[in-house]
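Only a predicted model underlies this, so the values are computations on that prediction, with no experimental measurement involved. Reminder, nothing fancy here: chain letters follow the sequence lines and each chain counts from 1.
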There are 2 protein chains.
Amino acid sequence: MAPRGRPRDTQVDERVLRIAAALIFERGYGGLSIDEVAEQAGVAKTTLYRRWPTKDHLAVAVVARLQADDEITDTGDIRADLVDYLEKIAAALNRMRAAGGHRGPSAGTVGELVAAAARHEDIGHLTREQYAKRNTLALALIERARLRGELRADLDAEALFDQLAGALYYRVMITGAPVDRAYAERLVSCALEGNMTCR
Amino acid sequence: MAPRGRPRDTQVDERVLRIAAALIFERGYGGLSIDEVAEQAGVAKTTLYRRWPTKDHLAVAVVARLQADDEITDTGDIRADLVDYLEKIAAALNRMRAAGGHRGPSAGTVGELVAAAARHEDIGHLTREQYAKRNTLALALIERARLRGELRADLDAEALFDQLAGALYYRVMITGAPVDRAYAERLVSCALEGNMTCR
DNA sequence: GCAATTACGAAACATGTGTTGCGTAATCGG
DNA sequence: CCGATTACGCAACACATGTTTCGTAATTGC
């Protein structure tokens with residue numbers, strides 16, 4: 001049952017992830033140096049590379065740790081449920097945002113992770129799975145609201161959620177504007193109530 | 001009027017940008033090597049660094065080149081105008097998307113540019129200005145439609161455009177789903193018509 | 001206890017980015 | 001024409017990432 005050879009030092013994973021997280025949060029993605037992590041953790045670089053084949057993999061592992069498992073609440077009030085869910089996504093983004101580089105509200109880490117997902121097929125596969133899960137949960141929530149008559153019967157759930165989640169990412173990565181609960185409420189109102197006059 | 005010393009070889013800029021674009025499009029952001037660009041262009045590295053202080057600056061210059069100046073058309077039909085504008089943004093994203101790494105529909109380049117904007121204050125300033133300009137144009141378009149009664153008087157124009165543009169970026173960078181004119185039409189319909197039943 | 005297996009540490013190495021120093025070339029102002 | 005100024009090319013360097021090699025340590029199955 002136990003693997004054949006010498007077992008890995010399980011303390012190393014914990015220690016390395018903690019040190020790496022501190023470095024990313026303090027100096028940003030570029031300030032995360034493998035050499036420095038190895039030195040501070042008191043292990044050789046080879047030990048790190050055995051667990052995370054690249055710096056990107058280590059960084060993804062760090063970020064994945066501080067992402068709370070997005071659990072969805074279905075109170076029956078689609079407006080409140082959507083706001084809650086968006087706020088959870090926003091909170092995860094803001095947590096990474098705090099790990100900016102030289103500037104305060106920098107979205108560098110999020111962009112780096114997107115790039116990392118594109119560079120390494122396995123990371124991309126992993127993150128896409130994560131996002132697919134989030135998407136499935138949201139679409140199911142919307143579908144339930146539609147079935148109980150809270151939402152239009154002919155709505156485009158995919159476009160709706162793309163818009164809501166996309167606006168959060170757009171703000172964090174592109175415009176740099178803040179994302180908080182108040183903004184989540186604005187988004188949901190805008191999306192649910194529509195913008196045409198002819199009604 | 002003319003600068004004091006030896007003038008720069010203007011052919012170098014053109015040649016370097018063309019070669020760098022070819023490299024990015026063929027091998028992705030990571031495949032863009034300063035040494036290789038210098039060699040293929042037949043110039044020294046110092047000549048490149050005199051014009052673009054980092055690889056990030058060169059890459060941004062390459063991408064800025066193939067971004068058509070977003071001109072907005074105001075036909076008086078807000079739905080058609082928004083679809084047109086979104087399609088222009090989508091076209092620019094797809095052009096970068098073609099410059100993927102190892103996988104076809106990779107959004108790595110877009111993510112790298114976001115990261116680059118966070119790494120270098122001047123790039124961030126430049127791109128935020130660019131996005132602010134785009135935002136101003138879109139908000140003005142929406143405002144005109146609102147004033148002529150096509151849209152609700154109490155709409156949230158910022159949230160509306162964040163949602164539309166954000167959905168495009170979200171798809172390109174996060175989910176990897178395609179963005180084309182058909183999707184732009186779905187977005188605009190979803191946003192304009194709203195999703196509640198009570199109407 | 002012994003062989004196989006796996007983890008670990010130390011060091012050297014290859015590659016790419018970005019910087020620096022120096023000699024040479026081109027242009028302008030006088 | 002001459003000096004100041006700027007561009008250019010060549011070479012070397014510092015630094016970080018990531019790979020590889022080799023010797024050693026710990027654990028399992030027999």
Scan [X] against the nucleic acid and name what it touches under 4.0 Å (heavy atoms): base, sugar-phosphate only, or nothing.
{"X": "B:L58", "result": "nothing"}
{"X": "A:L48", "result": "nothing"}
{"X": "B:G42", "result": "sugar-phosphate"}

Expressed in angstrom and rounded to an integer, what is the separation of [X] atom [atom1] from [N] atom [atom2]?
{"X": "A:D35", "N": "C:dA11", "atom1": "CG", "atom2": "P", "answer": "13 Å"}
{"X": "B:L32", "N": "C:dG16", "atom1": "CG", "atom2": "P", "answer": "12 Å"}
{"X": "B:H120", "N": "C:dT17", "atom1": "NE2", "atom2": "P", "answer": "12 Å"}
{"X": "A:D9", "N": "D:dT24", "atom1": "CG", "atom2": "C1'", "answer": "16 Å"}
{"X": "B:R50", "N": "C:dT19", "atom1": "CZ", "atom2": "P", "answer": "13 Å"}
{"X": "B:E39", "N": "C:dT15", "atom1": "CD", "atom2": "P", "answer": "14 Å"}
{"X": "A:H57", "N": "D:dT17", "atom1": "NE2", "atom2": "C1'", "answer": "14 Å"}

side-chain contact (heavy atoms from CB on, under 4.5 Å) with B:H57: which of B:V62, B:I123, B:L48?
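When side-chain contact (heavy atoms from CB on, under 4.5 Å) is applied between B:H57 and each of B:V62, B:I123, B:L48, only B:I123 qualifies.
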Taking only side-chain N and O atoms of [X], does any of them lie within less than 4.0 angstrom of OP1 or OP2 on [N]?
{"X": "B:R51", "N": "D:dC8", "answer": "yes"}
{"X": "B:S33", "N": "C:dT15", "answer": "no"}
{"X": "B:R8", "N": "D:dT6", "answer": "no"}

To the side chain of A:Y49, which of C:dA26, C:dG18, D:dG18 is closest?
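The answer is D:dG18, which lies nearest to the side chain.
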Between D:dG18, C:dA4, C:dT17, which one does the side chain of B:I34 approach most closely?
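Nearest listed nucleotide: C:dT17.
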Per the atom types in the model, does the base of [N] pair as donor or acceptor with the side chain of [X] at under 3.5 Å?
{"X": "A:T46", "N": "C:dG9", "value": "yes"}
{"X": "A:R6", "N": "D:dA26", "value": "no"}
{"X": "A:K45", "N": "C:dG9", "value": "no"}

A:E39 CD: over 12 foreign heavy atoms closer than 6.0 Å
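Result for CD/A:E39: open.
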Let me know, please, whether B:R4 or B:E36 comes out on the 5' side of the other along DNA chain C by nearest nucleotide.
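It is B:E36 whose nearest nucleotide is closer to the 5' end.
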Can you work out whether B:V12 or B:G5 has the more 5'-proximal nearest nucleotide on DNA chain D?
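This one resolves to B:G5.
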Residues A:E129 and A:R134 bridged, charged N to O under 4.0 Å
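No salt bridge links A:E129 with A:R134.
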Below 4.0 angstrom, N of the basic side chain to O of the carboxylate: do B:E112 and B:K55 qualify?
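No salt bridge links B:E112 with B:K55.
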Indicate the ring-plane relationship of B:Y131 and B:Y169, choosing parallel, tilted or perpendicular according to the 30° and 60° boundaries.
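Perpendicular: the ring planes of B:Y131 and B:Y169 meet at over 60°.
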